[in-house]
Amino acid sequence: MAASESVNPVDLLREQIEGASPDVLQAMIKTFAQALMSAEADAICGAGYGQRSDERVNSRNGYRPREWDTRAGTIDLAIPKLRQGSYFPDWLLTHRRRAEQALVSVVATSYLLGVSTRRVEKLVEQLGIRQLSKSQVSEMAAHLDTQVEAFRNRPLDSGHYTFVWMDALTMKVREHGRTVNVHALIAVGVNADGQREVLGLDVASDEDGAGWLAFLRSLTARGLTGVRLVISDAHAGLVSAIGAALPGAAWQRCRTHYLRNLLTKVPKSAQPWIATLVRTIFDQPDADAVRAQFQRVVATIEAKFPAAAEHLDAARDDLLAFTGFPREIWRQIWSNNPQERLNKEIRRRTDVVGIFPNRPSIIRLVGAVLAEQTDEWTEGRRYMGLELLAKARMVTIDTDQHVTDQTDPAPIAA
């Protein structure tokens with residue numbers, strides 16, 4: 001295979017666009033990749049292809065074929081060979097984003113381990129990849145594991161993390177010849193600069209107090225400090241783990257997840273009415289009005305569904321922990337909704353795999369997705385203003401989960 005040296009990339013690109021070729025993207029990528037390799041080879045030789053020069057130190061010696069797996073599919077390239085030494089473009093192996101590298105690596109590892117062979121072959125084809133060698137998989141996995149481990153173990157030294165969201169996603173993995181469920185524990189916080197940041201990732205066998213406590217202690221060991229509020233669903237053992245590992249932090253139960261739980265306590269015909277009533281609690285202008293409306297809603301529901309009213313009343317402090325903080329950030333801290341978009345992105349990648357071949361493959365794929373998301377958040381605008389964060393830090397939290405202002409025993413109003 002050889003690449004024509006007389007091809008003008010601009011002319012070829014114009015021809016492809018004017019001809020409306022269905023493979024225009026692949027042609028564009030191939031054209032510019034070939035032009036880039038030719039320029040790099042010329043730089044090594046000290047002179048352009050076919051040119052006579054006293055500065056020439058090497059010369060071309062044909063081409064060798066190489067398949068390049070890209071998002072546009074597999075592209076056949078002609079890599080220049082040299083008479084002395086060798087040339088190989090490193091970017092052929094490092095062009096992919098971390099999450100895409102991780103996805104290919106996990107799928108390929110599953111294939112090599114014999115996990116759902118026929119299904120994995122279809123997945124590889126859907127990625128536009130003809131084949132992956134064991135050496136490619138090993139090199140890609142080693143590179144990714146180094147990146148992900150560095151991300152997971154980095155110091156949490158961006159100041160106080162006032163608000164932290166936590167969630168657990170269930171994954172399927174093969175262990176000892178069986179398919180079992182494990183839980184990916186994820187923590188996201190707002191740092192001192194007002195930016196969101198993925199704080200940690202771990203995989204636990206059970207979503208219980210021991211798993212959460214170990215996860216939280218690993219975060220504090222890396223430098224997690226200053227947490228005022230943890231927002232999550234009612235995960236088993238999480239509240240006790242927060243008290244043990246994050247003294248001084250309150251727990252906000254996700255209002256969205258709680259409402260789903262509450263609706264199971266009433267007949268289906270009454271669920272729209274109950275949902276509307278509960279939402280009025282969060283539509284109030286200040287903390288006092290929220291608590292007053294909460295009491296009215298409990299009394300209204302009790303008249304028809306006493307069990308549901310009792311369930312709601314028992315969750316009062318957990319649902320209203322957000323009221324002690326500035327009104328401007330209530331929508332961001334009264335539920336786990338900010339993390340739902342992140343969960344969808346994780347699921348979009350993990351659903352491709354289905355059953356993971358082992359736990360490290362979960363860490364590799366999910367860790368790569370989280371590292372990429374943190375990079376995007378860092379480059380984006382602040383999630384919370386610095387003045388609001390400073391105001392939110394001026395609160396103290398007692399052991400009964402009540403949040404109060406340091407200078408005034410009454411809750412902060414908007």
Side-chain angles (χ1 to χ4, degrees), residues 69 93-94 96-127 129 131-154 166-187 198-208 210-219 221-222 235-236 342-374:
D69 297 322
L93 295 177
T94 61
R96 294 180 183 273
R97 296 171 63 210
R98 280 177 298 203
E100 184 172 314
Q101 285 182 316
L103 182 58
V104 174
S105 179
V106 170
V107 171
T109 301
S110 302
Y111 177 85
L112 295 176
L113 293 178
V115 178
S116 303
T117 304
R118 184 174 300 175
R119 182 168 179 268
V120 171
E121 286 177 346
K122 292 182 179 179
L123 294 176
V124 172
E125 291 177 1
Q126 290 175 5
L127 291 173
I129 298 171
Q131 60 184 4
L132 283 171
S133 67
K134 291 185 178 181
S135 61
Q136 285 178 305
V137 173
S138 298
E139 183 174 349
M140 190 182 297
H143 176 66
L144 280 164
D145 289 344
T146 301
Q147 286 187 327
V148 171
E149 283 308 303
F151 172 73
R152 291 179 64 216
N153 297 319
R154 75 193 188 282
M166 293 191 177
D167 206 356
L169 298 179
T170 303
M171 310 279 179
K172 293 185 181 296
V173 64
R174 290 190 183 276
E175 289 186 342
H176 310 296
R178 299 183 301 121
T179 300
V180 299
N181 288 332
V182 296
H183 305 276
L185 309 182
I186 302 169
V198 175
L199 305 179
L201 163 69
D202 202 359
V203 176
S205 298
D206 297 304
E207 187 190 342
D208 55 10
W212 282 112
L213 182 59
F215 181 52
L216 287 174
R217 284 179 173 171
S218 71
L219 297 180
R222 289 169 45 213
H235 298 296
L342 178 60
N343 291 346
K344 289 180 180 179
E345 183 64 18
I346 294 173
R347 287 298 189 194
R348 186 172 71 85
R349 310 298 181 93
T350 58
D351 286 349
V352 174
V353 182
I355 301 175
F356 285 84
N358 48 45
R359 296 193 186 196
S361 63
I362 297 177
I363 294 291
R364 182 181 304 142
L365 178 53
V366 178
V369 174
L370 296 178
E372 281 188 357
Q373 183 60 73
T374 296

Please tabulate, for side-chain N and O atoms in residues 212-219, each donor-acceptor pair with protein atoms closer than 3.5 Å (sequence neighbours left out).
{"residue": "S218", "atom": "OG", "partner": "F215", "partner atom": "O", "Å": "2.5"}

(message) Quick check: closest heavy atoms across L185 and A168, and the distance to 0.1 Å?
(response) CD2-CB, 3.7 Å
(request) Please check if the side chain of T374 supplies one atom and the backbone of V198 the other of a donor-acceptor pair under 3.5 Å. (result) yes
(request) Please report the shortest heavy-atom distance between M171 and F356, naming the atom on each side. (result) SD-CE1, 4.3 Å
(message) List the residues meeting salt bridge (Lys or Arg N to Asp or Glu O under 4.0 Å) with R359, not counting sequence neighbours, and say none if there are none.
(response) E175
(message) Is any side-chain heavy atom of I363 closer than 4.5 Å to one of R152?
(response) yes
(message) Please give me the minimum heavy-atom distance between R222 and G200, naming the atom from each residue.
(response) NH1-CA, 4.0 Å
(request) Please report the closest heavy-atom contact between L201 and A184, naming both atoms and the distance. (result) CD1-CB, 4.2 Å
(request) Take D167 and H235 through the test side chain to side chain donor-acceptor pair (under 3.5 Å) and record every step on the way to the result. (result) CA-CA 8 Å; D167 206 356; H235 298 296; 3.2 Å; yes
(message) Would you compute the distance between atom OG1 of T350 and atom NZ of K172 and round it to the nearest 0.5 angstrom?
(response) 12.0 Å
(request) Check whether any side-chain heavy atom of L370 lies under 4.5 Å from a side-chain heavy atom of I346, and answer yes or no. (result) yes
